[in-house]
Protein chains: 2
Amino acid sequence: MKHILALAIACAPLAATADPLPSWNETEAKSRIIAFVEGVTDTGSASYVSPADRVAVFDNDGTLWAEQPVYFQFLYAVDRLKEKAAGDPSILASDVLKAAAAGDMKAVAASGKKGLLEIVEVSHSGMSVDAFIADARAWLDSARHPQTGMSYDAMIYQPMLELLSYLRDEEFTTYIVSGGGVHFIRSFSDDAYNIPAEQVIGSIGKSGYMVTDAGPIIMKDPGIVFIDDAEGKPLAIDTRIGKRPIFAAGNSDGDFQMLEWTTTGDGPRFGMIVHHTDAEREWAYDRDSHVGRLDRGLDEAGTRGWLLVDMARDWEQVWPHAR
Amino acid sequence: MKHILALAIACAPLAATADPLPSWNETEAKSRIIAFVEGVTDTGSASYVSPADRVAVFDNDGTLWAEQPVYFQFLYAVDRLKEKAAGDPSILASDVLKAAAAGDMKAVAASGKKGLLEIVEVSHSGMSVDAFIADARAWLDSARHPQTGMSYDAMIYQPMLELLSYLRDEEFTTYIVSGGGVHFIRSFSDDAYNIPAEQVIGSIGKSGYMVTDAGPIIMKDPGIVFIDDAEGKPLAIDTRIGKRPIFAAGNSDGDFQMLEWTTTGDGPRFGMIVHHTDAEREWAYDRDSHVGRLDRGLDEAGTRGWLLVDMARDWEQVWPHAR
């Protein structure tokens, strides 16, 4: 009986008609999201989807948290590269590594994705997965964003947190499908988003199983096994989830194929793009940005029926702390 | 109120003290499993583990279903290779492919793992993932085991089905971690084991994202990306689940590292090996078998505290149909 009472109490807030998205303004964006969720969860509706198939996928950088002036994982990588190089300068074996350790971000940016990967690879290998996650967590606890002065994991979007909760309350399973490294994201995803490790899909570096005197460990080795970007996103969704999502959210052309794959399936589908239009509270960028470039998605969102969320117009607040 | 009543009814069977493992004989194996589960689910116990960390991993071939005379997926691959070759004999581009298509299983066996992979690769590529899964499902519906005459997906172990259900009832999440192909396993895992696609971890072939006139598809391409065997199992558990399991079940030395990784973590841990000792109802094999070889695991199970399940002694029945 105690059990039943506890359930009754737990269920009570669901029964109430509280606004599930209080940080969203009363614009079309909010009403389209709610109409979709109400349709797929209404057993009497032709749009009904069973809970097992309510799969929702979210990009991370620029969709759940900020990504300017550059991906936060990259800032972590550079900080760690500097530390490592202080102990052993010989690891700076290329121009881009030297530039990064010296803080010459222009030279690093000029090296493109290849340069970024090289820096991540050198700074993220040679330790166990457990040690890496603890180290990333410690970095997030101490590092501050150069412009906002905020913790990086405080620069998550309150409206998106509400959307994640809303979907989970309605029996969706919410996954992160990010170009970021899977271990880096796991260092904060459970705390920040309530998304557990097994629902984090990301890029994957090489790893090795090693039996030491203290027992087995999983080591992060140099080398990239899989880049979870562009076409890689639907491919990872296939091998990892094995179901076609019915809801996808992204913000850049790296999310285009994930949105396309999600929204071209049968039955009700929802694709949304977070458009960074808010130079005052966050940043304003799209076609010409060096991170989170949004070009094709901006052109095709309309014809494809994807919701273009205008951050300045549709979000009543951006960061959680302001609430 | 209707909601609460439904929950109360749903909870009733859990409250009853029905035997969760009726197809297990009353031997030490059964009591050890139950003692472990009761310990980790008892909030008053020092062994308590929260539901989020109750991760259980199961090998498939030889652990959840049979694997003699050879892995069932391989029999499927040979059947499909024959069909494909009838339409286009030029695909038989090597001796092992010719031998397989001609039914010369001795020559195939002599070619070892490399030969098996080549056959799987040729027969499993050049179609979409959806078409492949439908085809594998159709094969399972029509093909029959050469010795038992049973459907392959009826050759699953009733005691293991009960163990899976028991663990899930006790809020474990149950994963398959198999050397078999992820798409092949998904063609039956939900029906056979109640394990949904997202909890199937297996070997992975190359795939590609293709946009056709009829929309995007995911194609199975030739090539193997990841073999989920031996050291690969803990590595896949890390990238896919991101939590160290507390329960692992296998049957061969290909499961050794998964059992080692699982059982060397902190806190309560359970490792079990299904030992095929029952030539009458199933098969008897271990150290000298060409599939499911169990040698090191047999030597070390005792010192490592792993439960060695003696199929002949510990299982009251083997197949579900007999019940």
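Hydrogens, waters and symmetry mates play no part in the numbers below; they use all other heavy atoms, side chains included. Labels below follow one simple rule: chain letters A, B, ... track the order of the sequence lines, proteins then strands, and each chain is numbered from 1.
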Compare every heavy atom of [Y] with every heavy atom of [X], then report the nearest pair and how far apart it is.
X: A:Ala197; Y: B:Gly242; value: CB-O, 3.8 Å
X: B:Glu260; Y: A:Val211; value: OE1-CG2, 3.5 Å
X: A:His183; Y: B:Asp238; value: NE2-OD2, 2.8 Å
X: B:Pro216; Y: A:Trp261; value: O-CZ3, 3.4 Å

Chain B interface, residue from [options] that has the most non-hydrogen pairs under 4.5 Å:
options: A:Thr264, A:Leu235, A:Ile204; result: A:Leu235
options: A:Gly265, A:Gly202, A:Ala52, A:Ser207; result: A:Ser207
options: A:Thr239, A:Thr173, A:Val182; result: A:Thr239

Count the heavy atoms of every other residue, nucleotide or ligand shown that sit under 6.0 Å from NZ of B:Lys243, and state whether that count exceeds 12.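 Yes, because the 6.0 Å sphere around NZ of B:Lys243 holds more than 12 heavy atoms from other groups.
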Which answer fits A:Pro196, side chain, backbone, both or neither, if we ask what part of it has an atom under 4.5 Å from a heavy atom of chain B? side chain
Does the distance from a Lys or Arg side-chain N to an Asp or Glu carboxylate O, for A:Glu198 and B:Arg240, drop under 4.0 Å?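 No salt bridge links A:Glu198 with B:Arg240.
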Heavy-atom contact with chain A under 4.5 Å, split by part of B:Ile133: neither
Region of B:Phe226 that comes under 4.5 Å of a non-hydrogen atom in chain A: neither
